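Working notes, beginning with the structure itself.
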2 protein chains.
Amino acid sequence: MARDNVTSLDVARRAGVSQSAVSRVFTPGASVSQSMTDRVLAAATELGYRPNVLARTMITGKSRLIGLVIAYLDNQFYPEILEKLSTSLQQRGYHVLVFMAQQTAGNIDDVLEEIMDYQVDGIVLASVAMSSVLAERCDAAGIPVVLFNRAEQQDRFSTVTSDNFAGGRALADFLVAGGHRRIAYIAGWEGASTQRDREAGFRAGLAAHGCELFARGVGDFLTEQAAKAAREMFAGDDIPDAVFVANDHMAFAVLEVLRGELGLGVPEDVSVVGYDDVQLAGWPSFDLTTIRQPSNAMVMETVSALLAQIEEGASRPQRVKIDGPLVVRGSARRPYGWKEDGDEGV
Amino acid sequence: MARDNVTSLDVARRAGVSQSAVSRVFTPGASVSQSMTDRVLAAATELGYRPNVLARTMITGKSRLIGLVIAYLDNQFYPEILEKLSTSLQQRGYHVLVFMAQQTAGNIDDVLEEIMDYQVDGIVLASVAMSSVLAERCDAAGIPVVLFNRAEQQDRFSTVTSDNFAGGRALADFLVAGGHRRIAYIAGWEGASTQRDREAGFRAGLAAHGCELFARGVGDFLTEQAAKAAREMFAGDDIPDAVFVANDHMAFAVLEVLRGELGLGVPEDVSVVGYDDVQLAGWPSFDLTTIRQPSNAMVMETVSALLAQIEEGASRPQRVKIDGPLVVRGSARRPYGWKEDGDEGV
DNA sequence: CTGAAAGCGCTTACAG
DNA sequence: CTGAAAGCGCTTACAG
């Protein structure tokens, strides 16, 4: 319960030097002699001194804090992103302040106000959109924002996504080539650009082969909703022979319904494909054909877009779109002659 | 790119009052007249003023920041905890600064130093242990620490866990009652108190029925390791008829190996039980019998233990141990006459 | 290279 | 209830 909090002044006294000297020793690039450094460091370690980051922030204006707004960690994709982003940022001397948001926006604005109260150097919005009011404020405050896995029309912000249109299209090509004719789609939350782009790409792909959507449901990126959509879609006699579910998280729920509740064979009766390639997709129980969102690359791009703005004052927003490969597994019938690839198990 | 950052002084000038008056309006409980409040608030909203939390922190010594050290978000249990903890803390006006640690300690100390640089009001260590050196420092700095899902002997800290011993024991009772006779165990990381307590309870339970462990492997709480342990354990002719895997996360990997690779029937050939009751455990594909770690209650206790120390200066550490119920599903043979319970699906 | 001094944006006694 | 002033722990011109 001691609040000892040793300050630079304590160290200065101990070392018999000025407080500014102590500060310089702990400021990379400041001009201090070796002997001064040694003396100060000795006193500092004796006392267990560490500079107060907050005090430094007040002066430099740099907190080395990055606000991360994230929601719905049930979807394995997000914990993965959080882990990688946080680790990557830590390595570069930044730290992540987390804010849980509700899935369907709404309170994002309040949450962002709170973030800004902490003088964060930058903000990552993972899978959430942002009001134009807040956009103004961030702009006004000169605080860099990167939209992760969202590419809204707000062109003042940097965005990092996979190429969702191309991914959707590749899945259509694959399903059509596999001989499917009654191809359905279970959508994510309609407000999301990822949802729209995946669907647009998928439809474009079908159209290129002279097909169109056989059925459509909406899962809102939630397992419950997706399960419900699947039940409805497969209720009658005339059921799809393939379904693209807008992300893996929902696709797992759909698989459970098709196999567990409806007793359908996958892929004998119906093929299922997803999007993301989260870890579970590779497990034998799901063995899901999907598009991989290259999370490492996406996180890397996010970090560099952010730090470019923070450290180099880069002002024009980057809009990064990363290609995601089709990962072929067992949940969808393969086109005749499709080369088998090995794949990681558990 | 504007660095407008409007300060209390700007608001004061605009409103024609003193800077202290502005400060008081934004300090809950300070004495200000209604008219002063109105005037200041008007000016503040016009200017878009919000108090700088960091400046406040420097004076009050309270950052309203909680450091969370966490590792290995692959295990669904942790994202769930992160989400709940963060949400709960946000509601009480605190925010979470995240630090990713490596599974097997090691760098925890460095990470904690970094945390303390931000003057956090408290620290939650999720599933990691802490060196006694660091313990000293936290104590010296008077900063409250709660160990979540770990109960090391460091009795100067609060701990929150489920009753791992009782849980292990309940599983032993259940398996023995189910008529299993060759009962195995796949351990988590041996350094973890959760691992030790679960195993001790399990062994005690077996012993009470005159049984002992038929086989033992080590999974280190990692899927790869657990899968490997399962392969070895089930390699010969004389295989177990039941296995308790020290957490659900590993149990899923074991299930994949038993069913997918070895073609064993679960529970016909072998029963599998886990620990945690993460969401996946309830899905039809796994349908895992397990002990529920009551995450809501555990998070609640963590928050209250922490805030008790922060806000009320409670000094004696609490050691909370919460009962976790046995959740019976289909992955293990049930004792004769066991009452069926409904259970949530996907 | 080093020290004395100003100031980051606030809160909080201290007077009135 | 309100204002002037000190001070939280630092960084950074400014002199020397």
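In the text below, chain A, chain B and the rest are named by the order of the sequence lines, each starting its count at 1. The basis for the numbers below is simple: all heavy atoms, side chains too, and nothing from hydrogens, waters or symmetry mates. Bear in mind the structure is a predicted one, so any value in this text is a computation, not a measurement.
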Regarding the side chain of A:T7, the nearest nucleotide among C:dC10, D:dG3, D:dC10 is D:dC10

Can you tell me the distance, in whole Å, between the CD atom of B:Q119 and the P atom of C:dG9? 19 Å

Nearest-Å distance, CE (B:M58) to C1' (D:dA6)? 14 Å

Hey, does the side chain of A:Y49 come within less than 4.0 Å of D:dC10's phosphate (OP1/OP2), counting only N and O? yes

Donor + acceptor pair across side chains of A:Q318, A:S158 (<3.5 Å): no

Expressed in angstrom and rounded to an integer, what is the separation of A:R56 atom CZ from D:dT12 atom C1'? 13 Å

Full working for side-chain contact (heavy atoms from CB on, under 4.5 Å) between B:V96 and B:V124: CA-CA 10 Å; B:V96 171; B:V124 176; over 6 Å; no

Strictly by side chain to side chain donor-acceptor pair (under 3.5 Å), give each pair with a member in residues 51-60 of chain A just once, sequence neighbours left out. none

In whole angstrom, give the distance that lies between atom CG of A:L54 and atom P of C:dT11. 14 Å

Pairing residues for B:R50 by the salt bridge (charged side-chain N to carboxylate O under 4.0 Å, His left out) criterion, not counting sequence neighbours: A:E113, A:D117

Across all chains, not counting sequence neighbours, the salt bridge (charged side-chain N to carboxylate O under 4.0 Å, His left out) partners of A:E114 are none

Taking atom P of D:dA4 as reference, at what distance in whole Å does atom CG of B:L9 sit? 11 Å

Taking the side chain from A:D121 and the backbone from A:I66, do they hold a donor-acceptor pair closer than 3.5 Å? no

From the list D:dC1, C:dG9, D:dC10, which nucleotide is the closest neighbour of the side chain of B:N52? C:dG9

Would you please enumerate the stems DNA chain C participates in, each stem being three or more consecutive Watson-Crick or G-U wobble pairs with both distances under 3.5 Å? C:1-3 with D:14-16, C:5-12 with D:5-12, C:14-16 with D:1-3

What nucleotide, of D:dT12, C:dT11, C:dG9, holds the atom closest to the side chain of A:I59? D:dT12

Could you tell me which residues satisfy salt bridge (charged side-chain N to carboxylate O under 4.0 Å, His left out) with B:K321, sequence neighbours excluded, listed by chain and number? none

Holding to side-chain hydrogen bond (donor to acceptor under 3.5 Å, both in side chains), I want the full list of residues that pass it with B:Q34, two or more places apart in sequence or in another chain. B:D38

Looking only at the side chain of A:S18 (C-beta and beyond, no hydrogens), which of the listed nucleotides C:dA5, C:dC1, C:dG3 gets closest? C:dG3

Which nucleotide, D:dT2, C:dT11, C:dG3, lies nearest any side-chain atom of B:Q19? C:dT11

Please list, chain by chain and in numerical order, all residues satisfying side chain to side chain contact (heavy atoms under 4.5 Å, CB included) with B:M300, sequence neighbours excluded. none

B:F26 CZ to C:dG9 C1', straight-line distance once rounded to whole Å: 13 Å

Among residues 33-40 of chain B, which ones have heavy-atom contacts with DNA chain D below 4.0 Å? B:S33, B:M36

Residues which pass side-chain hydrogen bond (donor to acceptor under 3.5 Å, both in side chains) with A:R14, listed by chain and number, not counting sequence neighbours: A:E46

Please enumerate all protein N or O atoms sitting under 3.5 Å from an N or O of nucleotides 13-16 of chain C, with distances to 0.1 Å.
unit_1, atom_1, unit_2, atom_2, d
C:dA13, N6, B:R24, NH2, 3.0

Measure from NZ on B:K62 to C1' on C:dT12 and round the result to the nearest Å. 16 Å

List in chain and number order the residues that pass side-chain hydrogen bond (donor to acceptor under 3.5 Å, both in side chains) with B:S162, two or more places apart in sequence or in another chain; answer none if no residue qualifies. B:N164, B:Y275, B:Q293

Looking at C:dT12, C:dC1, C:dC10, which one has an atom nearest to any side-chain atom of B:S8? C:dC10

Residues in side-chain hydrogen bond (donor to acceptor under 3.5 Å, both in side chains) with A:E301, at least two apart? none

